[in-house]
Amino acid sequence: MRKIMKYIIRDVARSKFIFFYTATLFLLTVGLNYLNRDETKTVITVLNVVIYLMPLVNILYVSLHYYNSKEFIETLLTYPVKRGQIFMAEYFSLTLALIFSYILGVIFPLLIFGSTMLILNLLVSGILLIAMFTSISLLVSIIYDERIKGIGMLIGIWLFMAIVFDGIILIMYFLLNDFPLDKISVILIALNPIDLTRLYILINLDIASLFGYSGANFIKFFGQAYGIVILLLVSFIWIIVPTLLARRKFNKKDF
Amino acid sequence: MLRVNKIIKTYGKKFRLELDNLTLESPSVVTLLGPNGSGKTTFLKVLLGLVNPEKGDIEYNGSDIYKDFAFKTDLGYMPQTAIYPDNLKVKEIIEITKSLKNHTQDYDDELYEQYKIELILESKFSSLSQGTKQKIAAAIVFMFRSRVIILDEPTAGLDPYASEILKNKILKEKKDRLILFTTHIMSDVTELSDRVIYIHEGKLKYDKMMNSEFSERDSRQIASEVANYFKG
């Protein structure tokens with residue numbers, strides 16, 4: 001697996017897209033640092049870029065890379081290498097490349113500007129977000145052979161998680177405000193990786209005003225310390241389950 | 001050497017590959033013929049382990065190729081269009097192939113030298129012409145002295161000179177290995193083949209050994225048969 005990873009990472013690292021993506025993140029983070037003098041405000045602004053923009057770029061890049069590599073993957077499948085190893089090499093290579101890009105583009109400039117503890121939270125949440133969306137993206141791309149269908153489905157998933165999901169929750173609270181929704185709202189948070197990441201950072205920043213109704217209920221239910229552990233656990237489930245499903249699908253797939 | 005046992009693969013209601021019993025002996029050069037959509041590629045993909053058949057199995061020296069890695073260790077495959085990661089250099093493509101093949105013997109560098117691959121080792125794969133990419137794929141497939149070599153329309157993207165080099169290599173190497181290739185070029189069949197297998201609508205229609213006495217006549221017969229199928 002490491003042999004394949006080495007060459008996929010080299011290929012990805014030399015791609016113009018990764019260079020421009022990293023440079024864009026870097027310039028954006030530096031710009032936001034100049035605009036916001038306060039460290040917490042900077043992190044929150046960067047957070048919005050991270051949780052909304054990054055998953056979109058993530059799914060598009062991973063999906064396009066997979067579709068463009070299909071013929072190469074077919075060639076690899078004729079070598080004495082297990083299918084599962086080829087899949088995991090693709091998963092880890094893309095995840096590592098995007099994490100590296102995120103560290104260079106977001107974490108590194110924040111460190112230059114002297115942030116410390118908050119950066120660690122942003123680093124952890126960014127890594128989790130990248131790992132979650134890489135696995136979701138690979139799963140969908142493996143299911144759909146046609147690139148247009150796969151990418152369309154992924155954009156739909158991103159739209160749902162980034163925008164529609166919150167809208168549905170708001171409508172639900174508005175229509176069902178006579179019913180006790182506390183427990184349901186806690187479960188709903190677990191269904192959306194973007195909400196998980198947002199809440200993880202906000203809990204660490206301890207900004208109750210930005211928790212929202214679901215977030216506030218979540219903290220009330222679990223408390224801050226347990227809340228962080230639960231959020232991390234659910235994030236890992238969001239990484240592991242789609243990855244295992246994608247690997248299973250990949251192992252049985254007709255190329 | 002390679003034995004196909006009652007393979008069935010269906011794609012929806014439109015296509016069904018159904019091959020009863022077929023044995024591909026080594027050494028020999030076997031040509032797989034058939035019109036577009038006849039099932040040649042599906043059959044190749046089944047052999048390569050890229051497509052899982054619903055029924056049947058394929059044995060290589062008595063072992064099931066889907067359960068035993070021995071076949072893939074002995075297999076060399078050249079796709080119709082050579083595609084490797086765009087940003088890798090040619091030398092890295094050869095490196096990755098060597099490292100994954102776990103090959104310990106001496107490499108066969110004849111095509112590598114004849115195609116002058118050493119002059120483009122530092123070039124990025126994306127910067128090469130399609131013909132040059134095919135030359136790299138051809139050089140790689142013969143590099144490992146594989147016992148079974150599968151070539152999907154190997155001469156299609158090559159210039160006449162490169163094509164001639166490859167055909168000479170096939171003739172030279174056929175003495176002690178099984179070479180299976182698909183083509184639409186009938187002259188390649190008569191020049192290279194020991195045996196012709198013709199597939200149409202997923203079924204084996206023609207399977208005949210070629211020899212010097214019959215090769216020319218049979219190639220005309222096959223060509224005419226293909227033409228008749230196209231006419232409907």
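Naming convention: chains lettered A, B, ... in sequence-line order (proteins, then strands); numbering from 1 in each chain.
Around the CZ atom of B:F15, the shell of radius 6.0 Å holds more than 12 heavy atoms that belong to other residues, nucleotides or ligands. A 6.0 Å sphere centred on CG of B:L119 holds more than 12 heavy atoms belonging to other residues, nucleotides or ligands. Surrounding CZ of A:F100 are at most 12 heavy atoms belonging to other residues, nucleotides or ligands under 6.0 Å away. Within 6.0 Å of atom CE in A:M5, more than 12 heavy atoms from other residues, nucleotides or ligands are found, so the atom counts as buried in its surroundings.
By number of non-hydrogen pairs under 4.5 angstrom with chain A, the leading residue of B:I150, B:L88, B:L75, B:L48 is B:L88.
Only the side chain of A:L76 comes within contact range of chain B, judged by heavy atoms closer than 4.5 Å. Looking at B:P79, the atoms closer than 4.5 Å to chain A (heavy atoms on both sides) all sit in the side chain, from C-beta outward.
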Cross-interface N/O pairs, chain B with chain A, donor-acceptor, under 3.5 angstrom:
| from | atom 1 | to | atom 2 | distance (Å) |
| --- | --- | --- | --- | --- |
| B:K9 | NZ | A:D254 | OD2 | 2.4 |
| B:K45 | NZ | A:F255 | O | 3.1 |
| B:G49 | O | A:R83 | NH2 | 3.0 |
| B:L50 | O | A:R83 | NH2 | 3.3 |
| B:L50 | O | A:F255 | N | 2.8 |
| B:N52 | N | A:D254 | OD1 | 2.7 |
| B:N52 | ND2 | A:K252 | O | 3.0 |
| B:N52 | ND2 | A:D254 | OD1 | 3.4 |
| B:K72 | NZ | A:L77 | O | 2.6 |
| B:N87 | N | A:D11 | OD1 | 2.9 |
| B:N87 | O | A:R14 | NH1 | 2.9 |
| B:N87 | ND2 | A:D11 | O | 3.1 |
| B:N87 | ND2 | A:D11 | OD1 | 3.1 |
| B:E92 | OE1 | A:R14 | NH1 | 2.8 |
| B:E92 | OE2 | A:R10 | NH1 | 2.8 |
| B:E92 | OE2 | A:R14 | NH2 | 2.7 |
| B:E95 | OE1 | A:Y7 | OH | 2.9 |
| B:S99 | O | A:K3 | NZ | 3.1 |
| B:N102 | OD1 | A:K3 | NZ | 3.2 |

Atom pairs and distances, side-chain donor-acceptor, residues 26-35 of chain B, under 3.5 Å, sequence neighbours left out:
| from | atom 1 | to | atom 2 | distance (Å) |
| --- | --- | --- | --- | --- |
| B:S26 | OG | B:L178 | N | 3.3 |
| B:S28 | OG | B:E25 | O | 2.5 |
| B:T31 | OG1 | B:S193 | OG | 2.0 |

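B:V51 and A:F255 get closest at one heavy-atom pair: CG2-O, 3.4 Å.
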